[in-house]
Amino acid sequence: MGDLVKKIAVLGSTGSIGRQTLEVVRAFPDHFRIIALAAGNNTSLLAEQVNEFKSKIVFFEGDKTPLDKMGLDYKFLPLEDIACHPDIDIVVAGTSGKVGLKATLSAAKAGKKIALANKESMVMTGEIITAEARRNNAVILPVDSEHSAIWQCLRGETAPERLILTASGGPFKGYSISELEKVTAEQALKHPTWFMGTKITIDSATLMNKGLEIIEACWFFDMPIDKISVVIHPQSIIHSMVEFADGSIKAQLSYPDMRLPIQYALTYPERLSNENFSKINWNDMKDFTFEKPDYNSFPCLKLAIEAARQGGTYPAALCAADEAAVGLFLKNKIGFMDISRLIKQALDEHESVTNPSLDNILEIDIRVRERVLQMAGTNS
Ligand SMILES: NC(=O)c1ccc[n+]([C@@H]2O[C@H](COP(=O)([O-])OP(=O)(O)OC[C@H]3O[C@@H](n4cnc5c(N)ncnc54)[C@H](OP(=O)(O)O)[C@@H]3O)[C@@H](O)[C@H]2O)c1
């Protein structure tokens, strides 16, 4: 294997980000080599991936029968050990929720390149992860399309004045609160422009996803919350923008396709031509619109901005409350608007810790989740 081949671990390889990462790797066999794959319960797909990419290190939560049936030869390692393994150059952090938090930290401590999709790790522990990365010369490469766009706009620039995150507005843009009260999980799982995992799809429908992205952007680009704004752009062609002191604005555009920001994180600072990506046809670009977000119908966005302003452990509490509330909504135990109500209640009660340790954050995470279940009158 040549030195130029990047050796990759994909955490969450069976998910939306993981599968799209493997599509990029498949397109460039001379550039990338999969060393480790990690999944949760979908071990049938994981077995196929291990077989195809000859991954020598594996982690999974579920049943190992599918891997045994294929007679695969692999070494089983915990997520955190994979993330800091000496044979790996780039760790793709593509698990959902707080599952990947410790692994992302482990990669930061080991000085890895981290292609970070898992926004919850950055929102919950942004201060700790960025400090560890700085201390150990780890590089955090954004995968989320909005942060990738800003990162691309910032190349060759210094001192941005303002970051403008775009949002599709989700499937319920324009709905009134009374209409939103009746929204079902099935309706919320249909996103108009992106195909994603269930948690992020619901977060996109409530606009919590945009709120989490604002907090992530503060850490990624060292920007105060009040210099980050959101604009609704339903076509999802502009992925975000950066404004500079002279009023100039740079934007990054492409058809919505997560493989592009994933590939950019893996090939950075190079760009590679990928025949699977569609180039924009400007003759098709009839509607190109922008609107203000509706903070009243989508209170999650306001809650996230407020949590970021408060700092301390508010963002971690926000994440924990959101994950618990979204879980309840997906099980049809609460309504769509109850998600924001429960998060608000959890944040109103929250006693924040300043400069929290990882243990503080993990303890708050458990406590807030339990409290959300209690407030919803359920224990699961
Ligand atoms: N999808 C997108 O377009 C997108 C865009 C930007 C950012 N993100 C962020 O990227 C992250 C992943 O999103 P996604 O849409 O790819 O989610 P997803 O489709 O739900 O995938 C989650 C992945 O995590 C794995 N996983 C779950 N529990 C695990 C455990 N205990 N140990 C190891 N792996 C576990 C799942 O495995 P199994 O399926 O095998 O159980 C799956 O591979 C999220 O934080 C999301 O906010 C996603």
Side-chain angles (χ1 to χ4, degrees), residues 9-24 36-50 57-64 66-67 76-83 91-104 106 114-125 141-151 165-168 170 189 191-213 215-217 220 236 239-240 256-265 304 319 322-323 326-327 330:
V10 186
L11 312 184
S13 64
T14 49
S16 161
I17 290 290
R19 279 176 280 150
Q20 294 182 86
T21 302
L22 293 178
E23 280 184 46
V24 170
L37 293 172
N41 288 310
N42 190 351
T43 45
S44 306
L45 177 57
L46 177 69
E48 285 171 28
Q49 294 175 340
V50 172
I57 303 171
V58 172
F59 171 84
F60 48 86
E61 280 278 305
D63 174 19
K64 75 195 264 284
L67 291 114
F76 183 93
L77 281 183
L79 275 186
E80 286 159 73
D81 294 0
I82 292 178
V91 176
V92 177
T95 51
S96 57
K98 71 150 196 182
V99 172
L101 201 155
K102 285 187 174 172
T104 306
S106 160
I114 308 167
L116 187 68
N118 177 241
K119 56 192 72 179
E120 292 84 355
S121 344
M122 196 62 137
V123 173
M124 292 179 81
T125 62
L141 311 158
V143 163
D144 221 336
S145 57
E146 292 77 0
H147 305 93
S148 177
I150 292 169
W151 182 36
L165 296 176
T166 52
S168 73
L189 285 171
H191 192 276
T193 45
W194 298 98
F195 161 70
M196 308 173 288
T198 48
K199 158 81 170 37
I200 183 176
T201 305
I202 303 300
D203 282 346
S204 298
T206 61
L207 295 199
M208 176 57 90
N209 185 50
K210 209 48 52 183
L212 299 180
E213 284 174 9
I215 303 176
E216 231 189 325
F220 262 126
S236 299
H239 298 299
S240 278
D257 183 342
M258 275 310 293
R259 294 174 302 178
L260 199 156
I262 291 170
Q263 177 176 307
Y264 188 68
C319 260
D322 178 50
E323 214 171 318
V326 168
L330 286 169

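Counting starts at 1 for both ligands and their atoms, following the listed order. All of these numbers come straight from a predicted model, not from anything done at the bench.
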Inset, instruction - Kindly indicate, with the supporting measurements, whether the criterion side-chain contact (heavy atoms from CB on, under 4.5 Å) is fulfilled by Thr14 and Leu37. - result: CA-CA 9 Å; Thr14 49; Leu37 293 172; over 6 Å; no

Based purely on interatomic distance, does [X] place a nitrogen or oxygen under 3.5 Å from a nitrogen or oxygen of ligand 1?
X      : value
Arg19  : no
Gln20  : no
Gly197 : yes
Gly40  : yes
Asn41  : yes
Ala38  : no

Could you tell me the residue and atom name of the protein heavy atom closest to [atom], and the distance to it rounded to 0.1 Å?
atom                    : value
atom 12 (C) of ligand 1 : Gly94 O, 3.3 Å
atom 33 (C) of ligand 1 : Ala39 O, 3.2 Å
atom 13 (O) of ligand 1 : Ile17 CG1, 4.1 Å
atom 28 (N) of ligand 1 : Val99 CG2, 4.1 Å
atom 45 (O) of ligand 1 : Glu120 OE1, 2.8 Å

Legend entry - Within-shell test, Phe59 vs ligand 1, heavy atom, strictly < 4.0 Å: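 Flag set, Phe59 near ligand 1.
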
Inset, instruction - Would you please classify the geometry between the Trp151 ring and the Tyr264 ring as parallel, tilted or perpendicular, with 30° and 60° separating the classes? - result: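 Tyr264 vs Trp151 ring planes: perpendicular.
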
Inset, instruction - Kindly give the heavy-atom pair with the smallest separation between Cys319 and Leu212, and that separation in Å. - result: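 Smallest heavy-atom distance, with atoms named: SG-CD2, 4.0 Å.
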
Inset, instruction - Evaluate whether atom NZ of Lys102 has more than 12 neighbouring non-hydrogen atoms of other residues, nucleotides or ligands under 6.0 angstrom away. - result: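 Atom NZ in Lys102 is not packed in, count stays at 12 or less.
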
